[in-house]
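Here the structure comes first, spelled out in structure tokens, and everything after it is commentary.
Every chain is numbered from 1 and lettered A, B, ... according to where its sequence line falls, protein lines coming before strand lines.
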Amino acid sequence: MGISTFLDWKETSVTIMMSAIDSEEPDLLPGDLAIWFFIFMELLVFGIFFIVYAVVRINNIELFNEYQLTLNRELGMANTLLLISSSYFVVRAVAAVKQGDTNRCVHWLYAALAGGTGFLILKSVEYSDKFSAGIGLDTNTFYMFYLSLTMFHFLHVVLGMLILLAVLIKAKYAAYSATNYTGVETAASYWHMVDLVWIILFPLVYIIR
Amino acid sequence: MNKAYNIHLVWLGLMLLTVASYFIGELGNGGIVAMIFLMFAAAIKAFLIIRDFMGLRNVSLLWQAIMYGWLFVVCSGIAAAYLVSLW
């Protein structure tokens, strides 16, 4: 083995070792760090809400089981499928902008917003049925939890959609690129949080008894 | 390409678990087995969203601990309350 061959081999080995060391370094949180503190606070509030629901149910099992059956579980499932798909579309939007394809990013964001709109429409149909039947926050403990939990989540869906819309408009005007996509990741992180919360809320309020 | 392929599978898995959860709820009259299945399915779905959709697979352990810790506390808290109610 000649000296130059040995040096080439050594250089290659060092490069591989350095890249291995680099790859062991943890990634940064996607998006702006500030949104993550907001997400942690939101998750804390929803988490407390969920556990309080389950604890209050212990002394009101018959009431909760009886009125849970009055909920439209088909709409609940459809809404879950819509939010999961919408979240998936946002993942595709982030992947597209990372590849520098802002047009495709915009298209996926439109799809995600369509999913969110579908969620809001179905939820409004559900609320309309309940309100027209005279059901409100003071009807009983179950409906108090059902309405307050789902409406609180509803507001988060609206906020998430406004953030996605703002990012979509910016993306349309080429504000993002393969090297500048923090805004898209920030919006995506918030939208996934909205999905994550619903993933627990759906079985808790609609199915488990 | 592999990553995109995995994301498709994650999405499909989430959809299937949702439909399965719905049918378990429709078939059964509740009880411990149904409750454990439904909470387990919800926990798996939430785990996949955190890991693959939010993209926290390779972030520092602190952030992973916060997110998975939240999931663990919430799911086990709900399950514990339901077990008490079924006792």
Side-chain angles (χ1 to χ4, degrees), chain A residues 23-31 36 39-40 43-44 46-61 64-65 68 73-74 76-78 80-81 83-85 87-92 94-95 185 188-189 191-193 195-197 199-204 206-209, chain B residues 3-4 7-8 10-15 17-19 21-26 28-31 34-39 41-50 52-64 66-67 70-71 73-82 84-87:
Chain A
S23 67
E24 281 174 12
E25 278 185 23
D27 294 344
L28 296 173
L29 283 169
W36 282 96
I39 287 172
F40 296 148
L43 288 176
L44 182 65
F46 271 107
I48 290 169
F49 220 155
F50 292 156
I51 292 173
V52 168
Y53 171 97
V55 170
V56 170
R57 181 184 171 277
I58 293 173
N59 291 324
N60 300 276
I61 297 172
F64 274 57
N65 284 351
Q68 187 187 53
R73 290 180 297 283
E74 286 74 27
M77 178 182 66
T80 311
L81 298 177
L83 271 194
I84 288 170
S85 298
S87 226
Y88 165 74
F89 297 151
V90 167
V91 172
R92 302 301 306 272
V94 172
E185 280 191 334
S189 300
W191 191 244
H192 296 317
M193 184 277 290
D195 184 24
L196 176 64
V197 167
I199 289 298
I200 305 291
L201 196 158
F202 168 60
L204 178 67
Y206 287 77
I207 302 181
I208 299 176
R209 55 181 175 270
Chain B
K3 199 173 178 182
I7 284 296
H8 300 322
V10 168
W11 171 73
L12 191 62
L14 290 168
M15 301 291 270
L17 276 173
T18 301
V19 175
S21 298
Y22 166 77
F23 280 111
I24 290 288
E26 289 300 296
N29 293 317
M35 186 277 289
I36 289 174
F37 173 84
L38 291 166
M39 279 315 301
I44 290 173
K45 286 162 68 181
F47 170 78
L48 289 172
I49 287 169
I50 293 169
D52 296 310
F53 280 12
M54 287 181 153
L56 301 194
R57 186 194 292 258
N58 295 318
V59 299
S60 81
L61 281 177
L62 171 67
W63 305 126
Q64 292 193 42
I66 290 173
M67 292 301 286
W70 173 85
L71 180 61
V73 168
V74 169
C75 288
S76 48
I78 293 168
Y82 272 72
V84 168
S85 70
L86 291 168
W87 209 261

**Study point:** Verdict with supporting geometry, A/Met193 and B/Met67, side chain to side chain contact (heavy atoms under 4.5 Å, CB included)
**Key:** CA-CA 10 Å; A/Met193 184 277 290; B/Met67 292 301 286; over 6 Å; no
**Study point:** Euclidean distance, B/Ser76 OG relative to A/Ile51 CD1, rounded to 0.5 Å
**Key:** 7.0 Å
Practice item. Quick one: sort the A/Tyr88 and B/Trp11 rings into parallel, tilted or perpendicular, breaks at 30° and 60°. Key: parallel
Check your understanding: At their closest point, which heavy atom of B/Ala46 faces which heavy atom of A/Leu196, and how far apart are they?
Key -> CB-CD1, 3.4 Å
Review point. With a 6.0 Å cut-off on ring centres, are A/Phe40 and B/Trp63 close enough?
Key: yes
**Study point:** Rounded distance (nearest 0.5 Å) linking atom CG of A/Leu29 with atom CD of B/Gln64
**Key:** 9.5 Å
Point to revise | Under 4.5 Å from any heavy atom of chain A - which part of B/Leu14 | key: both
Revision key, fill the gap. Of all heavy-atom pairs linking B/Met15 and A/Ser85, the shortest is CE-OG, 3.5 Å
Exercise for review: Name the region of B/Ile49, side chain, backbone, both or neither, that has any atom closer than 4.5 Å to a heavy atom of chain A.
Suggested key: side chain
Check your understanding: With no hydrogens and no angle check, is any side-chain donor or acceptor of B/Trp70 less than 3.5 Å from a backbone partner on A/Leu43?
Key -> yes
Check your understanding: Are any non-hydrogen side-chain atoms of B/Tyr82 and A/Arg209 less than 4.5 angstrom apart?
Key -> no
Exercise for review: Test side chain to side chain contact (heavy atoms under 4.5 Å, CB included) on A/Trp36 and B/Leu56 and set out the steps.
Suggested key: CA-CA 12 Å; A/Trp36 282 96; B/Leu56 301 194; 3.8 Å; yes
Practice item. Heavy-atom distances under 4.5 Å only: say whether A/Arg57 touches chain B with side chain, backbone, both or neither. Key: side chain
Practice item. Below 4.5 Å from any heavy atom of chain B, which atoms of A/Ser87 appear? Answer side chain, backbone, both or neither. Key: both
**Study point:** Point-to-point distance, once rounded to the nearest 0.5 Å, from OG of B/Ser85 to CD1 of A/Ile208
**Key:** 10.5 Å
Revision key, fill the gap. Between A/Pro30 and B/Val59 the two heavy atoms that sit nearest each other are CD-CG1, 4.5 Å
Revision key, fill the gap. When the 4.5 angstrom heavy-atom criterion is applied to A/Leu44 and chain B, the contacting part is backbone
Study note, to complete from the structure: Output for pair (A/Glu74 CD, B/Glu26 CD), nearest 0.5 Å, gives 5.5 Å
Revision key, fill the gap. So, the part of B/Leu17 with a heavy atom under 4.5 Å from chain A: the answer is neither
Point to revise | Nearest heavy atoms of B/Ile78 and A/Ala54, plus distance in Å | key: CA-CB, 4.1 Å
Review point. Contact part of A/Tyr206 toward chain B, heavy-atom cut-off under 4.5 Å: side chain, backbone, both or neither?
Key: neither
Exercise for review: Taking atom CG of A/Leu28 as the centre, report whether more than 12 heavy atoms of other residues, nucleotides or ligands fall under 6.0 Å from it.
Suggested key: no
Point to revise | Interchain contact, B/Leu61 with chain A, by part (heavy-atom threshold 4.5 Å) | key: neither
Review point. Checking side chain to side chain contact (heavy atoms under 4.5 Å, CB included) for the pair A/Val55/B/Val84: CA distance, chi angles, key distance, verdict?
Key: CA-CA 9 Å; A/Val55 170; B/Val84 168; over 6 Å; no
Review point. Where do B/Val74 and A/Phe50 come nearest, in terms of heavy atoms and distance?
Key: CG1-CD1, 3.9 Å
Check your understanding: Looking at NZ of B/Lys45 and OG1 of A/Thr80, how far apart are the two atoms once the value is rounded to the nearest 0.5 Å?
Key -> 6.0 Å
